[in-house]
Amino acid sequence: MAAPTATTEPATRLRRFVVWRQLNKLRWLILVIVFAMLVLLPLLHVYQTYTAAHAYDLLSPGEKQLYDVMETIAAPFVSDPAEDLDAIKGNTWSGSFWGYKISDPLAALGQVAAGLNLYWPFLLTALVPLLLTIFFGRFFCGWICPATFLYELNSNFASWLRWAGIRVGNRRFDKRIKYGVLALGLILSAVSGSVLTGAIYPPAIIGREIYYTIAQGGLGVGTIFFLATLLFDILVARRGFCRYLCPGGALYSLLGRYRLVRIRRIVETCNDCAKCNVVCEFDLDPLRDGFGQECNNCTACIAICPTDALTFTLRPRDYPEQGPGHLGRHYRGDGEAPGEADAAP
Amino acid sequence: MERRSFLQALIATAVAAAAPGGEALAAGRSSLRYLRPPGALREEDFLKHCIHCGQCGEICPNRCINYFGLENGLASIDTPYIIPREQACILCMKCGEVCPTDAIAPIERELEAILSGVKMGHARVDESLCLSFQGLTCGVCYRACPLPDVAIYVARLEQPHVTDECVGCGLCERSCIQLPQAIRVFPEYG
């Protein structure tokens, strides 16, 4: 029969997706870089203030050490640190790069709610993230968010706890709760006349708190909130805050509902091992083609899939459920799958 | 000295949680005397525009911009402020440049632009405390002022007089050698 093609086909697929399998590592690299930048920028700011004040001789030994390290880092890139280091400022909530300003769509929405009017010079700074979100869905949550970096480490920590025999939470709630939190944040902003969406939004909190810790001499109020979300994730639900409560996640889920770039399952190669469902931080259902608007294209499922049955596709909607993969098909006796030849002997 | 100790924040959160919701929400003015960064909108509009991103503080070369916790009400959380006696504004105007929402308006670093665009507050001299009014010629505030003879001028015995041109940067209050300070900047938001 078609035995030769059946044996070679998985091999060609493997080569085809070899790059996409590495995307999860790239994602971790980006998360680490973003987080490192959030630490580095306040340190550079402190160094900048020292240079602006020509204060080297007045610094304490610890401050001198910081000055020297930062000078080593910055020296190849800038000639006049006091001025040139102004080029990159801010965090993932709102930042500026050589005068180009870019802001979180949630900040824009919160400001609209607080002022009940549209201030276009600011709203336009959220345009690029908005378009990217419409195209890639919740990519911010998986690929950039500095809170995700800590939350994923936190859920690794929770699985060590589970391994040590300590019970961790795995409750499930309605995913729509977060839309209520988003609405509540906007109502609070409107009532108080202040953009409070950022006060309950972990990436904004983390950017601020790192800056406060380094340059302002202490942690702020947001740290308590963030620690509470970490505990919530361990004790109540895995990645519970992102999935059920995050107002930003709610906004990007809505914007990314008809995103074009999504992950799909190739039913012919899928062997129903369900590793994708286990590894999915957001508790989605790749095994039954259930990605939905929550999927943040983090590619963890692509990286773990042993048969390369998960790939990217350009489609505004998920595939309808395609049924079990080729093993299931074989046992059902459909007999169309290329895997039939493997299983025959 | 540091306003942002962790314990303080903890207490403030507990207080905010215990207080009735409406009261915690109210943007009502506290008794704190603080300035907003130079070029900031009037207080109410400022709060509506500011997204609490922290870039103004991160670009401030003088590190005079601090951030509120909950001590000035929930609406002011994570918004920038300046306590001139601790560290005053040097009017470098970088914060307005970096502000993405124009809650702090971009103003050029030129005399005319600053005089017309910046109104953080207004300095007032307490003559009963001021050394020059006690017969000891001092004049430190006049020499600290970035707009000497425009915002402040000295009369006999270096006695300081503040004019209407004062933009309220607070360098005079920062530099005053009296304790408590004899010249104070009173904020003009409202």
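Predicted, not measured: the structure shown is a model, and the values here were computed from it. Letters A, B, ... mirror the listed sequences (proteins, then strands); counts begin at 1.
- Not one N or O on the side chain of B:E173 forms a donor-acceptor pair closer than 3.5 Å with the backbone of B:G170.
- The side-chain contact (heavy atoms from CB on, under 4.5 Å) with A:F140 is formed by just one residue from the set A:D104, A:L106, A:L132; it is A:D104.
- Listed for the A:S194 side chain is no donor-acceptor partner under 3.5 Å among the backbone atoms of B:S76.
- Within 6.0 Å of OH in A:Y56 there are more than 12 heavy atoms belonging to other residues, nucleotides or ligands.
- Within residues 175-186 of chain B, no residue has any heavy atom closer than 4.5 Å to a heavy atom of chain A.
- Remark: side-chain polar atoms of A:R208 are not paired, donor with acceptor, to backbone N or O of A:G220 under 3.5 angstrom.
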### Query
Are A:L38 and A:Y211 close enough, and set up right, to give a side-chain contact (heavy atoms from CB on, under 4.5 Å), and what steps lead you there?
CA-CA 8 Å; A:L38 289 183; A:Y211 163 65; over 6 Å; no
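- Interatomic distance, B:T137 OG1 to B:Q159 CD, rounded to the nearest 0.5 Å: 10.0 Å.
- Within the 3.5 Å criterion, the main-chain N or O of B:P80 finds a donor-acceptor partner in the side chain of B:R36.
- Against chain B, the residues from residues 93-101 of chain A that qualify, each with a non-hydrogen atom under 4.5 angstrom away, are A:W93, A:S94, A:G95, A:S96, A:K101 in number order.
- Contact count versus chain A (heavy atoms, under 4.5 Å) is highest, among B:D45, B:D102, B:I65, B:N62, for B:D102.
- Heavy-atom distances place the backbone of A:A82, and not its side chain, under 4.5 Å from chain B.
- Both the backbone and the side chain of A:A107 come within contact range of chain B, with heavy atoms under 4.5 Å apart.
- With A:T133 contributing its side chain and A:G256 its backbone, the two residues share no donor-acceptor pair below 3.5 Å.
- Under the 6.0 Å cut-off for aromatic ring centres, A:F136 and A:Y252 do not qualify, their centroids lying 6.0 Å or more apart.
- B:E58 is linked by a salt bridge (Lys or Arg N to Asp or Glu O under 4.0 Å) to nothing, counting only residues two or more places apart in sequence or in another chain.
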### Query
Which is it for A:D84 and A:F77 under the side-chain contact (heavy atoms from CB on, under 4.5 Å) test, yes or no, and what are the steps along the way?
CA-CA 9 Å; A:D84 296 351; A:F77 305 104; over 6 Å; no
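- Each of A:T125, A:V46, A:D86, A:T51 has some count of heavy-atom pairs under 4.5 Å with chain B, and the biggest count is that of A:D86.
- Contacts of residues 91-99 of chain B with chain A at a heavy-atom distance below 4.5 Å involve B:K94, B:E97, B:V98, B:C99, listed in sequence order.
- Note: A:G90 leads A:G90, A:A52, A:A114 in heavy-atom pairs under 4.5 Å with chain B.
- With a 6.0 Å radius and a threshold of 12 heavy atoms from other residues, nucleotides or ligands, B:E108 has its CD atom at or below the threshold.
- Ring centroids of A:F232 and A:F241 are separated by 6.0 Å or more, keeping the two rings apart.
- Here the side chain of B:T101 pairs no donor or acceptor atom with the backbone of A:F122 at under 3.5 angstrom.
- One finds the OG1 atom of B:T79 at 6.5 Å from the OH atom of B:Y34 (value rounded to the nearest 0.5 Å).
- Interface remark: A:F225 contributes no atoms to any contact with chain B (heavy atom separation under 4.5 Å).
- Only the side chain of B:I77 comes within less than 4.5 Å of a heavy atom of chain A; its backbone N, CA, C and O stay farther away.
- In this structure, the portions of A:L41 lying under 4.5 Å from any heavy atom of chain B include both its backbone and its side chain.
- Between the side chain of A:Q48 and the backbone N or O of A:E83 there is no donor-acceptor pair closer than 3.5 Å.
- Chain B forms the most heavy-atom pairs under 4.5 Å with one residue out of A:A113, A:G207, A:G222, A:A215, and that residue is A:A215.
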